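Encoded as structure tokens, the structure appears first; notes follow it.
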Amino acid sequence: MARERPGPVREGAKSARTRERILLAAAQVLSRKGYAGTRLSDVATLAEVQAPAVYYYWTSREELLEEVVTVGQRATMEHVVASMEALPVGTPAMERIARAVAAHLEVVLGRSDFSQAAIRNAGQLPADIRERQLVGQREYADVWRRLVEEAVAAGEMSPDVDTRAARMLVLGALNWAPEWWDPERNPLEEVVAITQRIVRRGLRPS
């Protein structure tokens with residue numbers, strides 16, 4: 001029989017902090033070892049709790065890791081959307097794309113183990129979890145679809161470019177960054193600037 005998840009009445013401040021610590025530890029382990037290599041014993045060790053304590057908050061390893069991925073997806077989209085909303089009214093479409101590029105890299109490389117875990121493990125998730133994650137992936141893809149379509153409508157991107165291909169190529173490059181990035185060799189600001197330059201030049205009309 002599955003254990004019941006603790007509700008607000010059972011969770012005091014200390015319990016909530018412990019849960020958050022375990023979740024963060026799971027994100028760190030998942031982002032480094034992958035879905036298949038993530039063990040609850042490693043998560044518990046990093047969170048400084050006994051392994052059975054994990055089951056007080058989650059009914060299974062799969063449930064814990066799915067929450068990590070869900071939080072990561074949301075963190076990425078919320079940071080990118082917030083960055084868009086902070087731009088002045090009338091910001092050129094290509095500059096909005098450049099800002100989205102920067103925001104995506106900021107969150108997956110510099111801010112969130114959750115976002116990095118979600119991106120690096122998207123292809124490793126079991127089919128049922130992957131299916132549920134598609135909802136969030138599609139919502140985020142829509143953010144980029146609108147950005148690209150706005151650039152075409154504004155004449156800042158060639159109308160004969162396949163917008164879906166352009167969007168997927170940009171997102172694919174951004175999502176691959178955690179696999180090769182070395183902060184000691186390439187500071188985040190440098191990677192952002194290089195990527196923005198490539199995207200601007202690649203999408204603008206020739």
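For clarity, every value in this text was computed on a predicted model and none was experimentally measured. We count residues from 1, following the sequence as given.
Considering every non-hydrogen atom in both L188 and L105, the closest pair reads CD1-O, 4.0 Å. Across every non-hydrogen atom of Y140 and H104, the tightest pair is OH-ND1, 2.6 Å. When all heavy atoms are compared, the tightest approach of P159 to V152 is CA-CG1, 4.1 Å.
With salt bridges taken as basic N to acidic carboxylate O contacts below 4.0 Å, one links D128 and R132.
Listed for the S31 side chain is a donor-acceptor partner under 3.5 Å among the backbone atoms of Q28. With hydrogens and angles ignored, the 3.5 Å screen pairs no side-chain donor or acceptor of R204 with any backbone N or O of M157. A donor-acceptor pair is defined here as one N or O able to donate and one able to accept, closer than 3.5 Å; no such pair exists between the side chain of W181 and the backbone of L109. A donor-acceptor pair under 3.5 Å is absent between the side-chain atoms of R167 and the main chain of W144, judged by distance alone. Under a 3.5 Å cut-off, the side chain of E156 and the backbone N or O of A93 do form a donor-acceptor pair. The backbone N or O of A122 sits nowhere less than 3.5 Å from a side-chain atom of Q133 that would complete a donor-acceptor pair. Judged by distance alone, the side chain of D162 and the main-chain N or O of A165 form a donor-acceptor pair under 3.5 Å.
The number of heavy atoms from other shown groups lying within 6.0 Å of CD (E48) does not exceed 12. Other residues, nucleotides and ligands place more than 12 heavy atoms under 6.0 Å from the CZ atom of R145. Atom CD of E149 sits in a crowded spot, with more than 12 heavy atoms from other residues, nucleotides or ligands closer than 6.0 Å. For R164, the CZ atom counts as loosely surrounded, since its 6.0 Å shell holds 12 or fewer non-hydrogen atoms of other residues, nucleotides or ligands.
Cation-pi geometry between R61 and Y35 is met: the NZ or CZ atom falls under 6.0 Å from the ring centre, inside 45° of the normal.
Using modelled atom types and a 3.5 Å distance limit, the side chains of T91 and E95 yield no donor-acceptor pair. Side chain to side chain, Y55 and S60 fail the donor-acceptor criterion of an N or O pair below 3.5 Å.
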Going through the distances and angles, do E106 and R99 end up as a salt bridge (charged side-chain N to carboxylate O under 4.0 Å, His left out)?
-> CA-CA 10 Å; E106 286 166 2; R99 181 57 213 149; 3.0 Å; yes
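In this structure, V69 is a member of the same hydrophobic cluster as L24, with clusters built from ILVMFWY side-chain heavy atoms closer than 4.5 Å. Under the 4.5 Å side-chain heavy-atom criterion for grouping Ile, Leu, Val, Met, Phe, Trp and Tyr, L171 is not connected to L169 through any hydrophobic cluster.
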